[in-house]
2 protein chains.
Amino acid sequence: MTKLRKQSCANVCIIRNSFLSLRPMVTISDIAAALGVTPSTVSRALSGSPRVKEETRLAVEQMAAEMGYERNVVASNLRKGKSDIVGIIVPRIHRNFFSNVIGGAESILEAAGYCVLICQTHERLEAEMKALRTLRNNQVAGVLISHAIGARDGKHILDALGSHIPLVQFDRVFSELPGAKVVSDNFEGAYAATRHLMEQGYRHIGTLAGYMNSEAYAARLEGWRQALRDGGLPEGEVYYDTIVRETGFEAGLKAIDAGCDALYSAGDFSALGAVEAARSRGLRIPEDFGIVGTANETFTSLMTPSMSSLALNPFEMGRQAAQAFLEGADGVRVVPMELKVRESSCRNHSENQITHTPCLK
Amino acid sequence: MTKLRKQSCANVCIIRNSFLSLRPMVTISDIAAALGVTPSTVSRALSGSPRVKEETRLAVEQMAAEMGYERNVVASNLRKGKSDIVGIIVPRIHRNFFSNVIGGAESILEAAGYCVLICQTHERLEAEMKALRTLRNNQVAGVLISHAIGARDGKHILDALGSHIPLVQFDRVFSELPGAKVVSDNFEGAYAATRHLMEQGYRHIGTLAGYMNSEAYAARLEGWRQALRDGGLPEGEVYYDTIVRETGFEAGLKAIDAGCDALYSAGDFSALGAVEAARSRGLRIPEDFGIVGTANETFTSLMTPSMSSLALNPFEMGRQAAQAFLEGADGVRVVPMELKVRESSCRNHSENQITHTPCLK
DNA sequence: TTTCCAAATATAATCCATTTCATTGTAAAA
DNA sequence: TTTTACAATGAAATGGATTATATTTGGAAA
């Protein structure tokens, strides 16, 4: 009886092997059969359990290597209820900022044995929800997200993701959501940028402010406002919802008509638009009109005149977000920004190597 | 007996439900139990099989919606042996070219119901192999890849990926590998760029040639060479392995010392380096020295003087690669390049709106 | 009325790794 | 010698969906 069973098992093995030549799918059962042990032992041996004899582990590892075994992670994930995939959701990967955040996160996550699934939302809430559901259905180990502009609040996020998957928000965050958050020091950064403009002698400083449903942009607006206040200047003009070159251009014209001699822009592309607006009105930069952008996009250092920009530290933000996920720690991590002073805001040459004065919040 | 079994089933359901409140994992078995049918019927109903009564299908769909069911794709993938994930492997996602390819591929794949897993190799063969294994282990539906510079040939690729996963190569391809390929028309593009320089009156045109283990760079070199030949000019200087700003700068200096009055560069960053080299030698651009780069990076249109560049069409390449995967068709797809004529190569003003003359290969 | 076919559904195997619980064997303690 | 404890491994259940095969049912044809 026992012999018969062995016989039939052998047959099964032969059949399996003939399949193997077609597609190389070695399972732990194959290894177990080859060694005369059970799949559970093989599983334990391969996953580093202390509950197998060292000798057995070596035999299993050797046989696994010999047969070209590779763990079927799909099956493994199903059983364990989670995968080694971490999802990252960003508005647009081709934005320098986001691709660097991804790079930073990846550098940490890859070393920790995770791989990274990237989703773009194109700033649409609907796409964000879909991405969250996709990630949940794939049972990802965690999600790092920077919200689409179209997302108004965090309620929908939890519905779509569920509450058992760790969530780390970065850059654009909703305070009301649980989990870790990583943000730039937007207030302090905008404060420094504005103060720099004041120190360069600009006296009528407006701002291109971005979207107010983003806490990052809101904080930059407040930093700008506080700097003006602390410097004894009157309230300046605010141009909302300016993110891209075109709206930056239009807002730039309005700012010039309103008498501004400088702008702090919460984005680089809108700042570029403002530069073009100033040029179209015959103003010289930085002599007649000063500009500081935000994000330190590649082009800012290559254009003429080179553009001052408040640099985010996306790579570090990505690293921090990944760390927060790995450590499972809640709370807010603040990544400092750095003001890159270039030609567009520097009419006082002795100030070229300015180091900004931190404000007391 | 039957009654007893039903009873115990009811208990099980109640227990399940109490779990449900903790974590919402509704399975097809739950739906089946609620409706008094079997899981197989529910599965068929939800996957659109014609083998269920319309009435049953509606009841299942309604109950699924009511209970908040979402398919466990991990389990589904395990059974079906493949997933709805398509892997994209690129050297660096923050490169404009690659992030746009990804965007193009994503636009097609998402519409077809796939999601996209992105891997970076940082130009390292080792990382490329690891990415391929990761994707295979996750049983992705297909892989789109642009090889790392470190990858010398295609042999290792098949070993790592296996032969049952569709592979589409783009931009940097190995001809010897099976499967679809999508490439830019590098020969024609470089030919047009070089011819443009000749038409602007440059007579000693060198090239910054990139890495010769990449067929794309090799084709650009040949296009440049053929244009010189067809134009009756002698062989020009070739500077290999110049990709980044620094090597472009060094090669630029050498080219100037060798008497070149223009360069066709197979990359934009190296072209930028060459611009700086020319400036450092006091040459005016484009009057004394002409340059055309390749890739149409964002900064090329924003710098001063703006830089002519041979534009790739990365978004379209991504679309084509995704289409090739979806259609399962082998063969090579060629995406045309477009010469963007800007200031750095235009000393003949009547030529500003040049449209390039195609060459006969 | 019986027979047969097709539609609809049920049963059970399958995908593969993991994990709980049970069993065996061996050495140390009583 | 017997009990105790532990190490090592086996057996079987589990995760959730899919699918090959089997069964039931209803209606048409004989």
Side-chain angles (χ1 to χ4, degrees), chain A residues 2 5-6 9 12 15-16 19-20 23-33 35-60 64 67-84 136-139 164, chain B residues 2 5-6 9 12 15-16 19-20 23-33 35-60 64 67-84 136-139 164:
Chain A
T2 303
R5 211 190 266 171
K6 270 193 180 173
C9 170
V12 169
I15 291 169
R16 285 205 76 93
F19 270 104
L20 285 185
R23 45 174 183 155
M25 297 287 227
V26 183
T27 71
I28 54 171
S29 300
D30 298 328
I31 298 174
L35 289 172
V37 297
T38 57
S40 44
T41 301
V42 175
S43 174
R44 278 190 282 257
L46 292 176
S47 59
S49 161
R51 294 182 48 188
V52 285
K53 219 194 313 185
E54 196 52 32
E55 185 189 328
T56 310
R57 178 193 316 289
L58 289 173
V60 168
M67 299 176 76
Y69 170 79
E70 284 190 55
R71 172 192 269 114
N72 181 324
V73 293
V74 178
S76 173
N77 292 344
L78 173 62
R79 187 63 237 268
K80 292 198 288 195
K82 66 172 203 170
S83 72
D84 55 357
R136 178 173 61 163
N137 290 343
N138 277 287
Q139 296 183 179
H164 60 288
Chain B
T2 304
R5 209 191 270 172
K6 272 195 180 172
C9 170
V12 170
I15 290 168
R16 284 205 77 92
F19 270 104
L20 286 185
R23 46 175 186 153
M25 298 288 227
V26 183
T27 71
I28 55 170
S29 300
D30 298 327
I31 298 174
L35 289 171
V37 297
T38 58
S40 49
T41 301
V42 175
S43 174
R44 278 189 283 258
L46 292 176
S47 59
S49 161
R51 294 183 49 186
V52 285
K53 219 193 316 184
E54 196 54 31
E55 186 188 327
T56 311
R57 178 193 315 288
L58 289 174
V60 167
M67 299 175 78
Y69 170 79
E70 284 188 57
R71 171 192 270 115
N72 182 325
V73 294
V74 178
S76 174
N77 292 344
L78 173 61
R79 187 60 237 266
K80 292 198 289 196
K82 68 173 202 167
S83 73
D84 55 357
R136 176 171 65 162
N137 290 342
N138 277 286
Q139 295 182 184
H164 59 288

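Reminder, nothing fancy here: chain letters follow the sequence lines and each chain counts from 1. Heavy-atom basis, side chains included; hydrogens, waters and symmetry copies ignored.
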Inset, instruction - State, yes or no, whether a side-chain contact exists between A:V52 and A:T41 at a heavy-atom distance under 4.5 Å. - result: yes
Legend entry - 4.5 Å side-chain heavy-atom contact, B:M67 and B:D30: yes
Legend entry - Touch class at under 4.0 angstrom, heavy-atom based, for B:V37 against every strand present: sugar-phosphate
Inset, instruction - Ignoring hydrogens and angles, answer whether the base of C:dT9 and the side-chain atoms of B:T56 contain a donor-acceptor pair closer than 3.5 Å. - result: no
Legend entry - Spacing of A:R79 atom CZ relative to C:dC15 atom P, expressed in whole Å: 18 Å
Legend entry - Contact check, side chains of B:Y69 and B:L46, non-hydrogen atoms, under 4.5 Å: yes
Legend entry - Rounded distance (Å) that lies between atom C1' of D:dA17 and atom CG of B:D84: 14 Å
Legend entry - C:dA10 phosphate, OP1 or OP2, under 4.0 Å from B:T41 side-chain N/O: yes
Legend entry - A:L35 CG - D:dT9 C1' separation (whole Å): 13 Å
Inset, instruction - Check every strand shown and say whether A:S76 touches a base, only sugar-phosphate, or nothing at a heavy-atom separation below 4.0 Å. - result: sugar-phosphate
Inset, instruction - Output the single nucleotide from C:dA13, C:dC16, C:dT18 whose closest atom is nearest the side chain of A:K80. - result: C:dT18
Inset, instruction - Assign each of B:P50 and A:R71 to its nearest nucleotide of DNA chain C by heavy atoms, then name whichever residue's nucleotide is nearer the 5' end. - result: B:P50
Legend entry - Test side chain to side chain donor-acceptor pair (under 3.5 Å) applied to A:S40 and A:T38, step by step: CA-CA 5 Å; A:S40 44; A:T38 57; 3.0 Å; yes
Inset, instruction - Find the distance B:L78:CG to C:dT18:P and express it as a whole number of Å. - result: 12 Å
Inset, instruction - Please confirm whether any donor atom in the side chain of A:R44 sits under 3.5 Å from an acceptor in the base of D:dG10, or the reverse. - result: yes
Inset, instruction - State, with a plain yes or no, whether a side-chain heavy atom of A:L35 is found less than 4.5 Å away from one of A:V60. - result: yes
Inset, instruction - Specify the separation, in whole Å, of atom CD of B:E55 and atom P of D:dG26. - result: 13 Å
Legend entry - Rounded interatomic separation in angstrom, taking CG from A:N77 and P from D:dA17: 15 Å
Inset, instruction - Assign A:V42 to base, sugar-phosphate, or nothing according to its heavy-atom contacts below 4.0 angstrom with the strands shown. - result: nothing
Inset, instruction - For D:dT18, take OP1 and OP2 only and decide whether either is under 4.0 Å from a side-chain N or O of B:S43. - result: yes
Inset, instruction - Look at the side chain of B:R51 and the base of C:dT9, then say whether one donor and one acceptor between them are separated by less than 3.5 Å. - result: yes
Inset, instruction - Please state how far atom CD in A:E70 lies from atom C1' in C:dC16, giving the value in whole angstrom units. - result: 15 Å
Inset, instruction - Look only at the side chain of B:Q139 and the backbone of B:G81, and say whether a donor-acceptor pair between them is shorter than 3.5 Å. - result: yes
Inset, instruction - Round to the nearest Å and state the distance from A:N138 atom CG to D:dG15 atom C1'. - result: 16 Å
Legend entry - Under-4.0 Å side-chain N/O to phosphate OP1/OP2 contact, A:Y69 with C:dA17: yes
Inset, instruction - Give a yes/no on whether any side-chain N or O of B:T38 is located under 4.0 angstrom from OP1 or OP2 of C:dA10. - result: yes
Legend entry - Closest-nucleotide ordering on DNA chain C, the 5'-leading residue of A:S40 and B:E54: B:E54
